[in-house]
Peer 1: 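Below: one structure in structure tokens.
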Amino acid sequence: QDEPLLFELGGWEKTGVDLPAPEHDASDLGDLVRAAPIGLPGLSEPEAMRHYVRLSQKNHAIDLALYPLGSCTMKHNPRLNEKMARLAGFADLHPLQPQSTTQGALQLMDRLAHWLKTLTGMPAVALSPKAGAHGELCGLLAIRAAHEAAGHGHRRRVLVPTSAHGTNPATAAFVGYSVTEIAQTDDGRVDLSDLESKLSDDVAAIMVTNPNTCGLFERDILEISRLTHEAGAYFYCDGANFNAIVGRVRPGDLGVDAMHINLHKTFSTPHGGGGPGAGPVVLSAALAPFAPAPWVVHGEGGLHLVEEAIDEAAQAFGRMCAFQGQMGMFVRAYAYMRSHGADGLRQVAEDAVLNANYIKARLSSVMTPAFPEGPCMHEALFDDSWLEDTGITTLDFAKAMIDEGFHPMTMYFPLVVHGAMLIEPTETESKRELDRFCDALEALAQAAKAGDAERFKGAPYLAPLRRLDETLAARKPKLTWRPEPTTVAPAPLAAE
Amino acid sequence: QDEPLLFELGGWEKTGVDLPAPEHDASDLGDLVRAAPIGLPGLSEPEAMRHYVRLSQKNHAIDLALYPLGSCTMKHNPRLNEKMARLAGFADLHPLQPQSTTQGALQLMDRLAHWLKTLTGMPAVALSPKAGAHGELCGLLAIRAAHEAAGHGHRRRVLVPTSAHGTNPATAAFVGYSVTEIAQTDDGRVDLSDLESKLSDDVAAIMVTNPNTCGLFERDILEISRLTHEAGAYFYCDGANFNAIVGRVRPGDLGVDAMHINLHKTFSTPHGGGGPGAGPVVLSAALAPFAPAPWVVHGEGGLHLVEEAIDEAAQAFGRMCAFQGQMGMFVRAYAYMRSHGADGLRQVAEDAVLNANYIKARLSSVMTPAFPEGPCMHEALFDDSWLEDTGITTLDFAKAMIDEGFHPMTMYFPLVVHGAMLIEPTETESKRELDRFCDALEALAQAAKAGDAERFKGAPYLAPLRRLDETLAARKPKLTWRPEPTTVAPAPLAAE
Amino acid sequence: MRYLPLTPDDRAEMLGVIGAPSVDELFKDVPAAARAQDLFDLPLHAGELEVERELGQLAALNRPAGDGPFFCGAGAYRHHVPATVDHVIQRSEFLTSYTPYQPEIAQGTLQVLFEFQTQVAALTGLDVANASMYDGSTACAEAVMMAQRVTRREKAILSGGLHPHYAATTQTIAHAEGMEIVRQSAAVDAEAAVIAAIDAETACVVVQTPNVFGVVTDVTRIAEAAHAAGALLIVVTTEAVSYGLLKSPGEMGADIAVAEGQSIGNALNYGGPYVGLFACREKLVRQMPGRLCGETVDAEGRRGYVLTLSTREQHIRREKATSNICTNSGLCALAFTIHLSLLGETGLRQLAALNHGRARELKAALAGVAGVEVLTPRFFNEVAVRVPGDAAALVEALLADGVVAGVPYSRLDPHAGLDDVLLLAATETTTSDDIAALVAALQRKIGR
Amino acid sequence: MRYLPLTPDDRAEMLGVIGAPSVDELFKDVPAAARAQDLFDLPLHAGELEVERELGQLAALNRPAGDGPFFCGAGAYRHHVPATVDHVIQRSEFLTSYTPYQPEIAQGTLQVLFEFQTQVAALTGLDVANASMYDGSTACAEAVMMAQRVTRREKAILSGGLHPHYAATTQTIAHAEGMEIVRQSAAVDAEAAVIAAIDAETACVVVQTPNVFGVVTDVTRIAEAAHAAGALLIVVTTEAVSYGLLKSPGEMGADIAVAEGQSIGNALNYGGPYVGLFACREKLVRQMPGRLCGETVDAEGRRGYVLTLSTREQHIRREKATSNICTNSGLCALAFTIHLSLLGETGLRQLAALNHGRARELKAALAGVAGVEVLTPRFFNEVAVRVPGDAAALVEALLADGVVAGVPYSRLDPHAGLDDVLLLAATETTTSDDIAALVAALQRKIGR
């Protein structure tokens, strides 16, 4: 059912709040006051509730079914975390109120930092980055600062495997580095010899995702870090896939110098339809002095938040954002960690990997795994060679999954695999749901091979909308609602 | 999509809670301990969340669309009320903790009582009844106690109009009264002469709903109460329809002796899929001394909850339930009243009545209003004479509304109208939603008259299920899940 | 007003369609004398912020149970409820839906009720359960009246271990309906007297276990005695978590089991809303009060659920209905079912064991306080003790130490002559520190 | 573990299907040296009750803003958020969904983003807006870099009235990207210096209004000067409620407007998550960073929404992307949109007037305190004052009176030499009693 836009529903005089009348005379702001209508229709509360509840039902969600987006780690979001984040002592706390009145918040940040450092085997963490890509930026800025402090400002090249997330090269370019791709071996790992050939004294860093975007652990990871360090470069690890190894493998033991941690992936803070995320960055001893402000230190009379490096840590490269970062996400992630504990987190990784391998095993009879040999980690990657001659694309197949009640997997990524289908179930799926998913995909695959192309080319049939015309949207972007030309403009509101 | 039952999803060893291991030895309870399995499967938290969220999507709700159930007053449920009811100072309060530690709760009850008494013009209120029918029972018990105290124990008959809610005669019978029906006039009101003829000195009370279940105000209400009182009987008013007159008419001014107030109707506490409700009863001065325990009095050092009448009020007829009643609902209802205020509540009644009359006016061209003359109050009543010869029943028509995205209206009630369709929009519907509703019903009515019977007989087509076989359910009731006979019984759990 | 969508323009336009000059015209059937011209003497509308302030101030005048050591039970228990429960019950589709009279668009609620009924039947060890009652006390009254319908006898014997509020509620309601209610004297071990009282006029005996003094009783012999006399045994439980440890009413011969379900899924709420559990033997089902949800099929043969056997109910049977009840405690039942689904067999047994363990710790600590006499021999999570002097005064005095020491029995029944009896409960939320604080406070007060 | 559905039996069965003898086998690609055999040195798993206890204890060590008189602003503001907002954003379908890359099953999120973009464009008086940024400070940095792309110039001039955290963030990020950032000295009335600094190398000037000292400025002349030099004007706002009273950036000639949207729909959260607003003139849209939602049609011609212009983004363009940003602040944007839908034109204007009124009351009260000098001439809801001595020490001292008196400027920038400057904000949540308490406390401290 079509739900009108707010602008078609609301009224200029309607409001869903009751505010006391201002007790004061008109201001002395003169012509600084806005005279023209803003253009904001309002809704009474019942109308607003219904509008947004109706809209919500047009969404898929983890709470409804498996959400197998590879590289996104769509796991269960515990409501305990939501409850904790809403405690007045966290939610109703101003970022700049006196630190003596926020000791509990600082303790929480300190404990979160301790867990992140312990789980990664790294000595330092910068909490403030607001998302994964923001964390990457933070990590590369620390690397750049370290090189510059050491007189190695000439190191301006970053090596990135072809399978990397797009954010990796984008971030490297952002900080002014040039990007060199590293080839991949047939078994889906970094080509060591290619890496070796490209490492030279102008390389600032390599950026490697591990487990990588093919869902595979980089077997030669210790060799990679050794070569990198020998070449005088730093090892940036994209931590998007940390869920596969949390509690079992510490990136610090692999020689990593910097790694962002998506709290909204491994540590279950909700994705919220596209953020807010949080991307703290753990740092090696070499990079730690360059971490941006702010950070928490233990001092006399309690904890202290260092907001600007004045003396000792003047090597800090700057500030990633206003205030302290995503405190609301810190609370949620910490509640998640405490709930799992050291034992539960290890089980997380094991079950995530087990679930992915189970899917890989079950679907390999009908689909073609990109790397059939050996186990995968937390996601199973298939290519589209099994669809050859069916006339059905990866996209078609994915859209047909919608009609079965599932969200599509990640498609066409990583780029190194043709027609890639990357399935990440996460550890919070039951065997029953995995079987339901595999049964549905098997049936779909059989239908595809049987030539039932219409079921796929036209899919989805059962979603709120059929396929959307993305070309039209991009060709002539319509990014805001505007009244139809024939519509009478609302009467200007009288200035108060 | 079929959602399995918990018992088909869960596992005997699964649990969605983590509890510390008991630190103590086995108990000394011996054979008082339950040895056999209880038979309760468990779900992990992600599974439980998904199971119940999926189930929820099979429900219609006020938050999704108009819910025009006559006599049920399905209005918007403000979330502010939910938030207030969850304040630890209310939600985490034990009913028997020392009263010195619950003064705020007692104040809230006192303020709620003040509002209810002021809005009804009645001197007393018993807060504890837990639902409308429970309130009716409370009211009739007070009446019975008053008669007995006056030596009128022989008054054992209650007069009830034919249009009454089923709870009225049921409650009267429950307290041992016999029920005599009063006829209705052609214009849908109590037949005064019939009433007069049936009033005699064995009548304990009359029970009248006003506005009545035809959605009409009893024009002769003052005469009815005069006759009743002259006959020595009490006037019980069913307050289910108080929403139509709140803020504009005080039942006390109509001569009412007792009236229950459904907080879940007029005062917006959520219906919750069938309770919990709350049914405080306002009482006249004559009945007030007989009100059941507990009640709040102002005393030295604050408010005091009288839980058992010891001295002064020993006429209390007893106790309706354990503790103080539906405190959670009191908080919600009070928050609603305070939000509206005296002005907003009056507007509630006006808009509720306006909305109903608008529907009546718009639909009278295609449907037949049961009482075309004059205005209705807060609900519009139609009969099924306009469906004559179409082969379509009230039920068919109502089920077809589901396919249009609306909940059916109340059907076949009141009993005095053939094939009754009772539509109550409430004041929280916008004109836009009313028009959408009327447009849909007009189109349906035209389709019915045009002979498109299939659209109705088979409806609903678009709901999660088609029509359910209620006869089968009642003939061989299956009220609990039991494992299929072929299923292997779960292994007994070891006694701890 | 934020909750009222109509604008002045809407109202004018709608009046035009209706053909009425004003809204007043729509109220013309109201006698002029009864039409209030002025606003009533109450405050005007207030914004969210103002309402939150007022209610927040009221809430702040109360002392939440969770604010420190807390030992009140006596029919309502402080347990931890998982956040998932409160999240799900607030979903619009559950919170803002009506009784599921239109099953095609209410399968969510209906399936939950079917699950609820099955869970309640399992917990009580009986065959069938209804879709919930208002609370435990009204369920108790309904059970007694059901026994009257089944046995066609008029007398009910209420054990002296029955919660006094339950007894009073039953007396009020069942007596109103014409029954003779025999309330036995309050006594810690009250069950022997019950057997002695059973006679050929007895419709039912009502026994609570764990009883109001915390005593756990094997009621098998009472069941035998009742059945021998042609009476029914009704077993009441006010602490539903005890089902996870103790033999079920059904196993002990109960015909009807009723309980307060608040402990599972529901907050204390100062006494309500709660959720009554009601279960019975299969053969009695048609005399059962309250809503029932049953399995059936839809027009395409798919499994589905409906409210059923409503021919017992008032909206069909009117004055011949089995009960005047026309609602249940749906949302509280939903909370109960979700919480119990999360617990499962394993979790409920763990939870019950944990409660029992805490109570044993509590009992041992109390037994060590000079002047305190523990009265309860075998218990689940609550004990009664005799204290020197007035228990209510003692509880009030201990507040100064931040301890809410339990419920004085006199609070439940001032006439019982048990003013020196105090009821103390422990749950999984009770800590050893709480118990230590209680003991220290007791020793300070009683020692003096 | 309550979040992990697999049972030991499941795991065994699944390993059988996989053909692996153990889970360890699945980790065989990890070098043996890096495989942790033991659990890390962290506590073991904990139940909800235990986690709630720990976090509750931490929360209790903080002093919530709502606990008493509170005057902190400086980029984050305490406003009242209707309960409806927090209810809706917690719905599973919004809370637990991913970025709407599959528009067929994400129209809920997408339509909200389209509404959000339209609201932001209206507030800022500009043509188009994106689907939100991390927060105001990062939006500011992105705006500066966007100006570089548009003008192909490298220099950005940051007004001395810009929030120091915004300046520092912009300096860190835009400088990293190769720009020259000119930060002007902090000054209450900083805007004259901006015009003087504009030259032919200037890509943009960044001006905040109301600025960090609360000063409301008409930036029209700055816009003229910037445009005359071929530079862009970026207008920053940290208090989005001010849009309800003040002339919009677009009306005053801004090319890009960025803002912190926290004030509408979002709690203080000790600094995050917040929601950055970003709007610009239509002709600049293809240089805009961040996600964009656009209208289109589906295969049946029905209106629908998709993420669009993603060819600017990193997952398509990789190192040639306009920004490395690959997320927005979706749930905070949803909260913003719902709150603003409830407010509407009428409510936002009332709210803004109310804030301004409270601040006028505050200013008048402060002006009456001997020793306090009000520095801000024209303001929205925040003023700067000069106090005798160190403002930070004063704020700390006033805590003893239960008053959180605002933000010392030195907290934002210890190097500015403005240690005696205090920033105080008032909102609709500030009462006259709060202001009276502040004044009384100030008089006690400063009087001595």
Side-chain angles (χ1 to χ4, degrees), chain A residues 15-17 19 22 24 39-40 42 52 55-56 58-63 84 87-89 91-96 101 104 130-131 166 169-171 173-174 217 253 272-276 318-319 322-324 326-328 341-342 344 358 361 375 430-431 463 465-466 468-469 473 478 480-481, chain D residues 1 5 10 14 18 26 29 34 39 42 44-45 55 58-59 61-64 72 92-93 96-97 99 103-105 107-109 118 122 134 137 165 168 172 267 269-273 294-296 298-299 304 308 314-315 318-319 321 324 327 329-331 342 344-347 350 353 357 407:
Chain A
T15 178
V17 298
L19 295 169
H24 305 271
L40 293 172
Y52 293 105
L55 282 178
S56 77
K58 294 170 186 273
N59 276 0
H60 187 80
I62 310 169
D63 282 356
M84 294 299 96
L87 291 172
D92 193 24
L93 211 59
H94 190 284
L96 299 170
T101 66
K130 289 183 167 265
T171 304
F174 193 93
F217 198 91
D253 294 339
R319 172 178 275 281
F323 314 128
Q324 288 84 258
Q326 309 287 67
M327 180 67 180
Y358 181 69
S430 67
K431 178 169 180 298
L465 290 183
R466 303 278 304 280
L468 281 294
D469 187 341
K478 186 168 176 190
T480 57
W481 178 86
Chain D
M1 248 305 301
D10 289 336
M14 292 164 72
I18 295 165
L26 304 177
D29 289 332
L39 294 181
L42 292 166
L44 299 185
H45 72 273
L55 285 162
L58 288 181
L61 295 176
N62 304 318
R63 193 272 201 192
C72 293
S92 293
E93 296 87 338
T96 76
S97 62
T99 307
E104 298 87 353
I105 46 175
Q107 286 296 306
T109 294
T118 305
Y134 303 140
S137 66
H165 283 185
T172 299
N269 285 328
Y270 200 49
E295 183 181 318
T296 186
D298 84 343
T308 191
Q314 38 68 35
H315 68 280
R318 300 178 75 85
E319 65 265 33
N324 84 322
T327 191
S329 193
L331 206 67
L342 285 166
E345 183 101 15
T346 305
Q350 281 175 350
V407 179

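The sequence lines fix the lettering, A, B, ..., with proteins before strands; numbering per chain opens at 1.
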Peer 1: Flag the one option from D/Ser97, D/Ala59, D/Ser137, D/Ser92 with the top tally of heavy-atom pairs under 4.5 Å to chain A.
Peer 2: D/Ser97

Peer 1: Flag the one option from A/Leu465, A/Asp63, A/Asp253 with the top tally of heavy-atom pairs under 4.5 Å to chain D.
Peer 2: A/Leu465

Peer 1: List the residues meeting salt bridge (charged side-chain N to carboxylate O under 4.0 Å, His left out) with D/Glu93, not counting sequence neighbours, and say none if there are none.
Peer 2: C/Arg91, D/Arg91

Peer 1: Taking atom CD of D/Glu295 and atom NZ of A/Lys478, what is their separation to the nearest 0.5 Å?
Peer 2: 3.5 Å

Peer 1: If you count heavy-atom pairs under 4.5 Å between each of D/Leu55, D/Asp10, D/Leu39, D/Thr99 and chain A, which one has the most?
Peer 2: D/Leu55

Peer 1: Quick check for you: among D/Gly330, D/Ala34, D/Gly347, which has the greatest number of heavy-atom pairs under 4.5 Å with chain A?
Peer 2: D/Gly330

Peer 1: Holding to ring-ring contact (aromatic ring centres under 6.0 Å, His included), I want the full list of residues that pass it with A/Tyr358, two or more places apart in sequence or in another chain.
Peer 2: none

Peer 1: Can you tell me how far CG of D/Asn269 sits from CD of A/Gln326, rounded to the nearest 0.5 angstrom?
Peer 2: 9.0 Å

Peer 1: With a 4.5 Å cut-off on heavy-atom pairs, point out which of D/Leu331, D/Thr118, D/Asn62 contacts chain A the most.
Peer 2: D/Asn62

Peer 1: Using heavy-atom distances under 4.5 Å, tell me whether A/Leu96 contacts chain D through its side chain, its backbone, both, or neither.
Peer 2: both

Peer 1: Between the side chain of A/Asn59 and the main-chain N/O of D/Gly108, is any donor-acceptor distance below 3.5 Å?
Peer 2: yes

Peer 1: For chain D, which candidate among A/Pro95, A/Gly42, A/Gly341 shows the most heavy-atom pairs at distances under 4.5 Å?
Peer 2: A/Pro95

Peer 1: Closest heavy-atom contact between A/Thr15 and D/Leu342?
Peer 2: OG1-O, 3.1 Å

Peer 1: So which of D/Thr172, D/Leu61, D/Thr96 has the biggest tally of heavy-atom pairs under 4.5 Å with chain A?
Peer 2: D/Thr96

Peer 1: Looking at D/Ala122 and A/Leu40, what are the two nearest heavy atoms and their distance?
Peer 2: CB-CD2, 4.2 Å

Peer 1: Taking all heavy atoms of A/Met327 and all of D/Tyr270, pick out the closest pair and write down the distance.
Peer 2: CG-CB, 3.6 Å

Peer 1: Atom NZ of A/Lys431 and atom CE of D/Met14: how far apart are they, to the nearest 0.5 Å?
Peer 2: 7.0 Å

Peer 1: Which atoms form the tightest heavy-atom contact between A/Arg466 and D/Glu104, and what is the distance?
Peer 2: O-CG, 3.4 Å

Peer 1: Are the side chain of A/Ser430 and the backbone N or O of D/Pro5 linked by a donor-acceptor pair below 3.5 Å?
Peer 2: no

Peer 1: Ignoring hydrogens, what is the shortest heavy-atom contact between A/Ala88 and D/Pro64? Give both atom names and the distance.
Peer 2: O-CB, 3.7 Å

Peer 1: For D/Thr109 and A/Gly273, work out which heavy atoms get closest and say how close.
Peer 2: CG2-O, 3.6 Å

Peer 1: Counting heavy-atom pairs under 4.5 Å with chain D, which one of A/Ala342, A/Gly328, A/Gly318 comes out on top?
Peer 2: A/Ala342

Peer 1: When only pairs under 4.5 Å are counted, which of D/Ala267, D/Ala168, D/Gly294, D/Pro103 shares the most heavy-atom pairs with chain A?
Peer 2: D/Pro103

Peer 1: Look at A/Asp469, A/Thr101, A/Leu468 and state which one has the largest set of heavy-atom pairs under 4.5 Å with chain D.
Peer 2: A/Leu468

